[in-house]
Amino acid sequence: MPEEPAAGSNQPALKTLPLVQREVVLFFVLCAIAVVMFLVTRTMAEWSRQNNSETAAAWYARGQQRLAAGDLQGGVTALRRAFAMNRTNVEYVLALARGLTLGGPNEEAWQLLQGLRESQPEDTEINYRLAGLAAERGEYADAVRYYNHALFGLDAAPVPSEGPAPVAATGAPKDATAGSEPGASAAAPPAGRPPVTRSMILTDLATLQLSHGDIEEALSTLATLARVSDGDPAARVRVGQLFAMAGDQQQALSNFTIAIGQDASNVDAQLGAADAAFSLGRFTESLRHLVAAERAGATGTPFEERLALVDRVVDSDPLAPALGMTERVRRLTAGLDWAAARFDHCAEQPNTTLPDETRKEIEALRKRPRQELRDTDVLTEGVTLIGASRAVVAGPCPTTDVADTAWATIARARGASR
C-alpha cells in the first residue's frame, strides 16, 4: 500500500506561485510604462515638429514681407531661418534662392536649386531659375537647356483642379514634400509661388539668344512667343522690341500694331511702330505713330528731334507713295537746290577740296527740262545723286542739320546704288 505524502510536502510550489505572479504583474507594469513613454515621446516630437513648422512658416512669411518691402538682407536672413527649421519644404528653398539671386549671381542659390532639381527635374520654376543663373554665369548652352526644360515642365503639367492649394494660416505654404512623390512638381505651382509663364520663359530665352548672336534660333523662339502673347499689350510690345533687335522690322511692326489695337495710348507701342515703319521706309506711317505717341504723352528732346526728322523726310521725299508727279518734281528740284547750296558752302571753307564731277552732275540734272524729271528713273537718279553729294561733303563739313539727315535717309531708302 503506497505511502501518503508527508504533510507539508507541497509548500515549495505554494511559495513559487506569488513570485511568478509578481513577475507577471511587473511585466505588464513595465509594458504600460513603455507604452505611456512612447506616447509621451511621440506627442512631444509631434508638438516639437508642429512648433518648428509654425515657427518656420512665420519666418518664411516675414522674409517674403521684407523682400517685398525692398529689405534684401532682412528678407534673406528670415528665409534662411525658415529653411534651417524646415529643410524639406521646397517652397522655403525656392524662396531663399529667389531672395539670394535678387542681389545678382549667387553660388549658394545655384547649389540650392541644383539640389532641388535632383529630385524634381521637371519643375518649371527650378529650371527657370537655374537658366537665369546659368545665363548670368556665362554658361549659354546650359541656360538654353534649362529654359527648354522649364518649357517642358509646363507642357507636362496636368491641368490644375479648381480651388487654391492649401496654405498655412501664416501665409506660408504647407510642406510640399508631405505625401508627394518625386516628380510631382509637374503639377501647378502652389498658391503663393510667383508664376512662371510660358511668355516669361520664351522672352528670356529669346533675349539670351539675341545677346549671343543666335539670330535664327531667336527668331524661331519669337515666333512661338508671338503666338502666346495675345491679350497683353505690354507683352506684345516686348515681342516687337525683340523682333526689332533681331532685325525683322516687319514682324516688329506687326506686333507693335497689335499692341496699339489693344491700347492706342501705349506710348512704347506707338514709338516702336514708328521706328519699325521708319526702318522699312514707310515714313508717312512712322509720322502717324509719332503724332499718336505725342498725343499719348511722349515728350523730351530726343522725341522732338525724331518727330522733326520724320516730318522733314515726309515733306521732302520725291518718291513717297501716292504723290502727284508735279509734287514729285517740285521735291526733287528742291532737293537738288539744297545739295548744290550745301556743296558750294562746304567748298568755300578753307583747306577744303571737293570733286568737281559731283557738282557738275548736280548742275546738269538741275538744268534738265522739267518734263524729263517726271520720269521715275530720273527721279531715282536725282535722289541717288543728292545722297552721294551729301556723303561727299559730310566728311569735310559735318553737320547736325535736320535736312542733311533727312536727305541721307531718303537716299538710303529710295536711291539706287552707285
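Note that these values count all heavy atoms, side chains included, but never hydrogens, waters or copies made by symmetry.
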| task | For the pair Gln111 and Glu107, evaluate side chain to side chain donor-acceptor pair (under 3.5 Å) and give the outcome as yes or no after the intermediate values. | result | CA-CA 6 Å; Gln111 295 299 331; Glu107 183 62 25; 2.7 Å; yes
Compare all side-chain heavy atoms of [X] with those of [Y] and state whether any distance is below 4.5 angstrom.
X	Y	value
His289	Glu294	no
Arg288	Val291	no
His149	Arg117	yes
Asn148	Leu205	yes
Val313	Trp407	no
Thr409	Phe278	yes
Ile201	Leu154	yes
Val228	Thr197	no

| task | Tell me, please, which residues at least two apart from Gln249 pass side-chain contact (heavy atoms from CB on, under 4.5 Å). | result | Ala244, Ala252, Ala276, Ser279, Leu280
Nearest 0.5 Å, what's the [atom1]-[atom2] distance between [X] and [Y]?
X	Y	atom1	atom2	result
Asp356	Leu354	CG	CG	8.5 Å
Leu309	Glu305	CG	CD	9.5 Å
Asp142	Leu133	CG	CG	12.0 Å
Arg98	Leu112	CZ	CG	12.0 Å
Phe256	Arg236	CZ	CZ	11.5 Å
Gln209	Tyr147	CD	OH	10.0 Å

| Steps toward side chain to side chain donor-acceptor pair (under 3.5 Å) verdict (Asp263, Ser265) | CA-CA 5 Å; Asp263 179 12; Ser265 65; 2.6 Å; yes
List the atom pairs, donor and acceptor, that lie under 3.5 Å between side-chain atoms in residues 368-376 and the rest of the protein, sequence neighbours left out.
{"residue": "Arg368", "atom": "NE", "partner": "Glu372", "partner atom": "OE1", "Å": "3.0"}
{"residue": "Arg368", "atom": "NH2", "partner": "Glu372", "partner atom": "OE1", "Å": "3.1"}
{"residue": "Asp375", "atom": "OD2", "partner": "Asp377", "partner atom": "N", "Å": "2.8"}
{"residue": "Asp375", "atom": "OD2", "partner": "Val378", "partner atom": "N", "Å": "3.3"}

So does [Y] get a backbone contact from the side chain of [X], meaning a donor-acceptor N/O pair under 3.5 Å?
X	Y	answer
Arg129	Ala109	no
Ser220	Glu217	no
Thr333	Val329	yes
Asn127	Pro121	yes
Arg328	Ala320	yes

| said: Applying disulfide (SG to SG under 2.5 Å) as the test, list every pair that has at least one member in residues 226-298; sequence neighbours left out. | reply: none
| Tell me the disulfide (SG to SG under 2.5 Å) pairs involving residues 266-343, sequence neighbours left out? |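 Sorted pair list comes back empty.
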Which heavy atom in [X] sits nearest to a heavy atom in [Y], and how many Å separate them?
X	Y	result
Pro396	Val393	CD-O, 3.5 Å
Ala277	Ser286	CB-N, 3.8 Å
Ala206	Ala218	O-CB, 4.1 Å
Ala150	Thr124	O-OG1, 3.3 Å
Ala134	Tyr146	CB-CD1, 4.3 Å

| field | N-O pairing of Asp317 and Arg331 below 4.0 Å | value | no
| query | Taking NZ, NE, NH1 and NH2 as the nitrogens, is one of them in Glu363 or Lys360 under 4.0 Å from a carboxylate oxygen of the other? | reply | no
Please report, to 0.1 Å, the donor-acceptor pairs under 3.5 Å made by any side chain of residues 336-346, with sequence neighbours excluded.
{"residue": "Asp337", "atom": "OD1", "partner": "Arg366", "partner atom": "NE", "Å": "3.0"}
{"residue": "Asp337", "atom": "OD1", "partner": "Arg366", "partner atom": "NH2", "Å": "3.0"}
{"residue": "Arg342", "atom": "NE", "partner": "Asp404", "partner atom": "OD1", "Å": "3.1"}
{"residue": "Arg342", "atom": "NH1", "partner": "Cys397", "partner atom": "O", "Å": "3.1"}
{"residue": "Arg342", "atom": "NH2", "partner": "Cys397", "partner atom": "O", "Å": "2.8"}
{"residue": "Arg342", "atom": "NH2", "partner": "Asp404", "partner atom": "OD1", "Å": "3.3"}
{"residue": "Asp344", "atom": "OD1", "partner": "Arg359", "partner atom": "NE", "Å": "2.8"}
{"residue": "Asp344", "atom": "OD2", "partner": "Arg359", "partner atom": "NH2", "Å": "3.1"}

| said: Before you tell me yes or no, could you show the steps for Asp214 and Tyr140 under side chain to side chain donor-acceptor pair (under 3.5 Å), namely the whole-Å CA-CA distance, both residues' side-chain angles and the distance that decides it to 0.1 Å? | reply: CA-CA 11 Å; Asp214 200 348; Tyr140 176 66; 3.1 Å; yes
| Any residue meeting side-chain hydrogen bond (donor to acceptor under 3.5 Å, both in side chains) with Thr224, in chain and number order, not counting sequence neighbours |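 Residues passing side-chain hydrogen bond (donor to acceptor under 3.5 Å, both in side chains) with Thr224: Arg227.
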